Amino acid sequence: KKQRKVRNFSIIAHIDHGKSTLADRILENTQTVTKREMKEQLLDGMDLERERGITIKLNAVQLSYTSKSGEEFIFHLIDTPGHVDFTYEVSRSLAACEGAILIVDAAQGIEAQTLANVYLALENELEIIPVINKIDLPSADPERVKKELEDVLGIDGDEVILASAKANIGIEDILERITEVVPEPAGDSEAPLKALIFDSLYDSYRGAISYVCVKEGTIKVGDKIQMMSSGKQFEVNEVGVFTPKALAKNELTVGDVGYITASIKNVGDTQVGDTITLANRPADEALPGYRKLNPMVFCGLYPVDSNDYNDLREALERLELNDSSLQYEPETSQALGFGFRCGFLGLLHMEIIQERIEREFNINLITTAPSVIFEVEKTNGEVTTVDNPSKMPDPQVIQEIREPYVKATIMVPNDYVGAVMEIAQKKRGQFIDMQYLDDIRVNVIYHIPLSEIVYDFFDQLKSHTKGYASFDYELIGYQPSQLVKMDILLNGDTIDALSFIVHRDFSYDRGKQIVDKMKELIPRQQFEVPVQAAIGNKIVARSTIKAVRKDVTAKLYGGDISRKRKLLEKQKEGKKRMKMVGSVEVPQEAFMAVLQMG
Ligand code: GDP
Ligand code: MG
């Protein structure tokens, strides 16, 4: 059999440093797609980023490249998600590769996600090709950035390729370098099959589609495969590669990167990181690194119109098909009625799902403030987990409450270190370390409760550092905290959907802030509404929403009909996101008010 020359690589970068643009140039310069197709493809790609994969994802493209010396290569360019919520997926995509193009913006230099990605690449023992991009920018300072790469990452400055993905400079050098330094995938095509799943998506016709890299053995249409994590078996319908269009093949063998379909009805059966083997001749052990992903952030989703409850259930069922890290179960709230408690990998994931439900399924939602999972040890020794603040047990039976902590790495210019520390301190962070990366940049490391991160940490960080801070985090486990449940009462009634968990030391401040915020957010009603914050039976803060005096339109010049109509229309629009809670009409924003505290 003819010796194939295969190179599997991905592109890693901090967001906006030019990963997508370079990928486009590589596809163009290898004639994988024409300029015209590129435009269409690009649009697809963008839709897709937004939709997170309804059709084909542009994330495992096969291309052919003839080197300057005339040798022919097959390249597989594997895309990685670019957000901290998806670190595990990034790491599994990198596990499919032998090399990574590391892009650093010639004006911005190294940022937090640059480092995080490099560490993942090194963990996966990838050959790194350093590229300084955007050298066409007037503000580019490639020499400074090169020195950073040397000082911070120990990269040999002579190996750095200077490029502009936009102006098509340096692309040939990058392609040539890939052939030189990225190793040929090792593995035996006759060995028992080991195919790594690095992504999957649901297609209504073909079922779950696994994106795989074949590490050992060969897989053919008709083979009976077995998922090594679950033991579940399926029969292969189709295998193929993306060119970038899906192109069916007879088989995939060592080094191939492509897709497998096998009438798998549930994406939960094609877990990222899992190993596919053959049922008749299974591999002894799975590829390393598989983890079952657990949601870290939970919130309640309720239809504004309770008639939409069944539609909401269907929407979640549909979304779950394509997203095995989405969790949900029915939940009832006294205040909001019937809804669902949903678990997400992180805030971005949560926002994506909420938006899709509203946009694609046309359901108006009330979402409650996100919460983490608390671990509660009761006085009788029993340990339970709590993902909904209103379900926190009574204080008398609680021995200890533990909450998840993250290791947060914040990279800033040293002028802003003070500001960063102030924010981290306010967010109950424990200072761990401070490392100077060069003369200017500092890595500040804190252990911070995840619950503080899911609130407005990143926004605060950005606004107090003029946008210069970049940020990355990883979960490190549970630690005990002095936490209490704060209840909010409207008109004397406790509103379960507004309860939240807060540190005892901040409870009075937060209580005061939240009742003031509620007063701001909840419109005046026909009667006076007291707002109270309580810990157990004790009221810790109070405000009052005054009653409306007269018709809101009365103040407008009596005759101006159009103006009056506009105002009424505007009010109606505002109403869509209102929910009657007992006797009080509460807008969506009020349920999220706790996010804006502190
Ligand atoms: P990604 O987030 O890493 O995928 O970055 P993109 O490829 O989306 O690029 C982010 C922005 O930088 C876009 O506006 C690009 O047009 C721009 N960009 C990318 N490469 C270059 C380059 O070489 N020079 C200049 N001037 N702009 C670039
Ligand atoms: Mg991009």
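Keep in mind it's a predicted model, so treat the numbers as computed, not measured. As the structure lists them, so they are numbered: ligands from 1, and atoms in each ligand from 1.
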Student: Heavy atoms only: give me the nearest G18-K134 pair and the separation to one decimal.
Tutor: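 In terms of heavy atoms, the two residues are closest at N-CE, 4.5 Å.
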Student: Please identify which atoms of ligand 1 are closer than 4.0 Å to at least one heavy atom of L137.
Tutor: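 Close to L137: 26 (N).
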Student: Take F344 and L326 through the side-chain contact (heavy atoms from CB on, under 4.5 Å) test and state the conclusion after the steps.
Tutor: CA-CA 6 Å; F344 309 93; L326 169 67; 3.7 Å; yes
Student: Are E184 and R7 close enough for a salt bridge, meaning some N to O gap below 4.0 Å?
Tutor: yes
Student: Can you list the atoms of ligand 1 that are under 4.0 Å from a heavy atom of D16?
Tutor: 1 (P), 2 (O), 3 (O), 5 (O), 10 (C), 12 (O)
Student: Do H17 and E111 have side-chain N/O donor and acceptor atoms under 3.5 Å apart?
Tutor: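 E111 and H17 do have a side-chain donor-acceptor pair below 3.5 Å.
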Student: Which value, rounded to the nearest 0.5 Å, describes the distance between D439 atom CG and K147 atom NZ?
Tutor: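 If I round to the nearest 0.5 Å, the distance is 6.5 Å.
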Student: Any side-chain heavy-atom pair from M592 and T367 closer than 4.5 angstrom?
Tutor: yes
Student: Are any of the N/O atoms in G18 less than 3.5 Å from those in ligand 1?
Tutor: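 Right, the criterion is met.
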Student: Between D433 and K407, is there a salt bridge with N-O shorter than 4.0 Å?
Tutor: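 Salt bridge between K407 and D433, a charged N being under 4.0 Å from a carboxylate O: no.
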Student: Considering I12, I135, T21 one by one, which has a heavy atom nearer to atom 16 (O) of ligand 1 than any of the others?
Tutor: T21
Student: State the atoms of ligand 1, each with its element, that fall below the 4.0 Å cut-off from a heavy-atom position in S164.
Tutor: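 The atoms of ligand 1 under 4.0 Å from a heavy atom of S164 are 22 (C), 23 (O), 24 (N).
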Student: At under 4.0 Å between heavy atoms, which part of A13 makes contact with ligand 1: side chain, backbone, both or neither?
Tutor: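 Neither part.
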Student: For ligand 1, which atoms, with element, lie under 4.0 Å from some heavy atom of N133?
Tutor: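 This gives 20 (N), 21 (C), 23 (O) as the contact atoms.
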Student: At under 4.0 Å between heavy atoms, is it the side chain or the backbone of H17 that contacts ligand 1, or both, or neither?
Tutor: backbone
Student: Answer yes or no: does an N/O atom from A165 fall short of 3.5 Å to an N/O atom of ligand 1?
Tutor: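 N/O-N/O distance below 3.5 Å exists for this pair.
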